[in-house]
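Scroll down for the structure; my scribbles are underneath it.
Nothing here was measured: the structure is a model prediction, and the numbers come from that model. Protein chains get the first letters and strands the later ones, always in sequence-line order, with residue 1 at the start of each.
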Amino acid sequence: MSAIQLESIEKRWGKTIAVDNINLTAEEGRFLVLLGPSGCGKSTTLRIIAGLESPSKGRVWINGGDVTDRPSSDRHLSMVFQSYALFPHLNTEENILFGLKVRKVPAPERQQRLKKVADLVGLADYLDRKPSQLSGGQRQRVALARAVIAENPICLMDEPLSNLDAKLRHDMRVEIRSLQRQLGMTVVYVTHDQTEAMSMADKVILMRDGKIEQQDTPGNLYDSPASTFTARFIGTPPMNLLSMTSDARGVSIEGTDALVHSARPNSQLGIRPEHISLDSRSGIPATLVASDYLGADTIVTAVIGTQELMIRIPGRYELKGQEAVFLRWQPQFARLFDKESGLLIDDGPVLSAATG
Amino acid sequence: MPSSTIRNQAYGWLLLTPAAIFLIAFTHYPAIATLGQSFFSESTVIRPAEFVGLENYQIMLTDEVFWKVVRNNIWYAIGTIPASVALAMIMAIWVNGKLAGRGLVRMAYFTPTILPMIAVANIWLFFYTPDIGLIDQFLSMFGFSGRNWLGNPETVLSCIIVMTIWKEAGFFMIFYLAALQSISPELEEAARIEGAGRWYYFRRVTFPLIMPTTLFVLINAVINSFKLVDHLFILTKGGPDNASSLLLYYIYEVAFSFFDEAYAATLTVVLLVTLAIIAIGQFLLMDKRVHYR
């Protein structure tokens with residue numbers, strides 16, 4: 001059974017449409033990530049699931065029941081906010097226990113659950129501190145503890161890590177993921193950070209302008225982007241897109257004489273930076289213009305004709321001035337997209353380069 | 001001390017000087033002079049002022065009008081402070097909500113505060129006028145005969161209290177509104193998801209979070225309740241039979257109608273000390289319960 005199901009959800013404010021006909025399901029016990037640039041409607045979608053906004057159209061189902069017109073408190077879910085939404089005048093213990101007190105859970109049981117949760121998120125030593133006396137990471141843990149202690153089957157998270165520094169963000173990613181597995185929660189997680197989406201999700205829903213652009217596992221999203229938007233949004237650096245052109249001789253990469261087999265005119269060729277290799281003798285002629293050393297690998301910027309692309313080279317690659325090289329890639333890694341619609345053209349592998 | 005530090009210090013003091021001159025000339029010096037004056041007798045043409053010690057204070061303790069004015073002031077404080085503060089809080093929560101035309105309502109609530117005191121008193125004078133005033137005209141529709149609201153010692157203080165609440169509540173509302181707007185709306189959403197009702201949320205979250213404002217407003221309300229003088233000029237002149245006279249108005253009368261400046265100074269000292277004690281008490285008593293961010 002699916003834990004959450006959205007059916008033709010639409011949300012508009014006046015003339016602006018924030019969420020446009022969204023259909024999605026979150027399977028029980030799975031980690032679902034709503035990913036997209038800011039303003040794509042992902043937070044609004046989450047708030048509609050939470051019951052903080054009501055949809056203009058469509059139905060919300062939770063555990064098989066229609067909850068569209070039910071208040072948040074009837075939906076048996078918890079939520080972690082971007083700003084943590086901790087009560088500044090209450091200490092850690094009171095913040096965590098807020099919901100249990102509202103629901104009049106007896107005191108002995110409250111204390112028992114508090115101890116369990118505080119140990120789980122590592123807050124046992126900070127129970128009498130006010131939020132202002134806690135670090136960002138600790139506040140984040142209080143917010144998590146408050147969501148977890150309710151023992152609701154569903155937990156919604158709205159960009160919970162965006163206020164943390166990079167190191168802490170990585171640790172919390174791991175922690176949240178393991179917490180979710182341990183407790184078997186269904187999590188719907190909103191983020192604009194594709195690293196978070198890739199590393200945590202069972203399923204990613206990529207949104208754009210209020211619509212779902214593509215939904216799939218992180219692996220499929222990376223390997224088989226259905227559009228140039230997905231191709232550019234997922235991956236650092238993103239997938240390279242090269243415009244193709246055609247003349248009497250055939251289809252070639254724009255700005256070069258390099259012919260490409262079985263490529264359609266009016267298309268864009270997509271290839272991930274790690275799938276391109278350098279060759280000194282044959283391939284597509286290119287010039288290396290810049291390099292960015294990252295430790296484990298180096299991102300080299302190359303120019304083919306007038307188009308730039310990124311190449312990931314393992315280890316350190318020292319570039320002295322500009323270098324003329326040839327580029328090669330394996331046909332099975334290349335993707336073709338329609339230039340107008342940006343959608344994937346699915347007709348077999350694209351050959352690397354015709355050595356004509 | 002390095003010379004740059006000295007220069008910085010001098011620079012700082014120079015910046016403070018203009019304000020300090022005015023504060024000393026018009027606040028600190030008069031307060032100390034008043035204290036000194038209260039130990040001397042009133043000087044006249046034939047008799048210069050001489051040191052009398054606490055005699056002025058002894059006179060005060062036996063002055064029936066003084067005690068009556070103190071009683072009036074206490075009733076006035078009890079009548080105005082809780083009502084205007086509670087009303088201000090309710091109005092602020094009301095206009096902080098998502099109601100249509102809230103800008104207009106906010107402005108309407110604040111209007112009494114920006115009106116000049118004299119104009120306010122004249123408006124209310126019209127309300128309270130016997131027979132032809134607004135209140136009596138309204139009551140006559142239900143068959144009640146006219147009353148002299150301000151001329152009756154039993155009703156006059158209540159009339160002043162009602163007017164003060166009307167004027168103060170809008171002023172305090174602005175502070176509460178500012179405090180409410182500084183509370184993140186996500187707190188309310190978090191509470192809503194946990195199933196907290198409006199009243200529970202107010203009691204456990206909103207009220208404690210606006211406590212610093214309440215403390216500030218309370219101190220202001222207390223000070224204001226001892227500071228009222230302008231309404232009384234227009235409405236009652238403290239009458240009838242001192243039934244509506246308050247401490248500051250009495251001080252004014254003693255000083256500028258009876259020309260007994262020494263006694264007025266004595267009363268002023270008592271007023272200042274009382275206010276200081278109340279303000280310090282409020283801080284000490286409430287500070288532990290106030291959460292400052």
> Looking only at heavy atoms, what is the nearest atom pair of A/Phe87 and A/Pro131, with distance?
Replying inline: O-CG, 3.6 Å
> For residues A/Gln138 and A/Arg141, is any side-chain donor paired with an opposing acceptor at under 3.5 Å?
Replying inline: no
>> Could you measure the distance from the OH atom of B/Tyr176 to the CD1 atom of B/Ile90? Nearest 0.5 Å is fine.
In response: 10.5 Å
> Are any of the side-chain nitrogens in A/Lys203 or A/Glu27 under 4.0 Å away from the carboxylate oxygens of its partner?
Replying inline: no
> Are any of the side-chain nitrogens in A/Arg12 or A/Glu10 under 4.0 Å away from the carboxylate oxygens of its partner?
Replying inline: yes
>> Check this for me, if you would: do A/Asp69 and A/Arg59 make a salt bridge, where the nitrogen-to-carboxylate-oxygen distance has to be below 4.0 angstrom?
In response: yes
>> Just so I understand: if I count every heavy-atom pair under 4.5 Å between each of A/Ala147, A/Gly99, A/Ala50 and chain B, which residue has the most?
In response: A/Gly99
> Does A/Phe98 have A/Arg103 sitting over its ring (NZ/CZ under 6.0 Å from centre, angle to axis within 45°)?
Replying inline: no
> Between A/Asp202 and A/Arg177, is a salt bridge (Lys or Arg N to Asp or Glu O under 4.0 Å) present by the stated rule, with each step listed?
Replying inline: CA-CA 10 Å; A/Asp202 289 314; A/Arg177 183 63 165 138; 2.9 Å; yes
>> Just verifying a value: how many Å separate B/Thr164 OG1 and B/Ile161 CD1, rounded to the nearest 0.5 Å?
In response: 7.5 Å
> Relative to each other, are the rings of B/Phe26 and B/Phe22 parallel, tilted or perpendicular (30° and 60° limits)?
Replying inline: parallel
>> Please output the residues of residues 152-165 of chain A in contact with chain B, using a heavy-atom cutoff of under 4.5 Å, in numerical order.
In response: none
>> For residues 72-81 of chain A, give me every residue with a non-hydrogen atom less than 4.5 Å from any non-hydrogen atom of chain B.
In response: A/Ser72, A/Ser73, A/Leu77, A/Ser78, A/Met79, A/Phe81
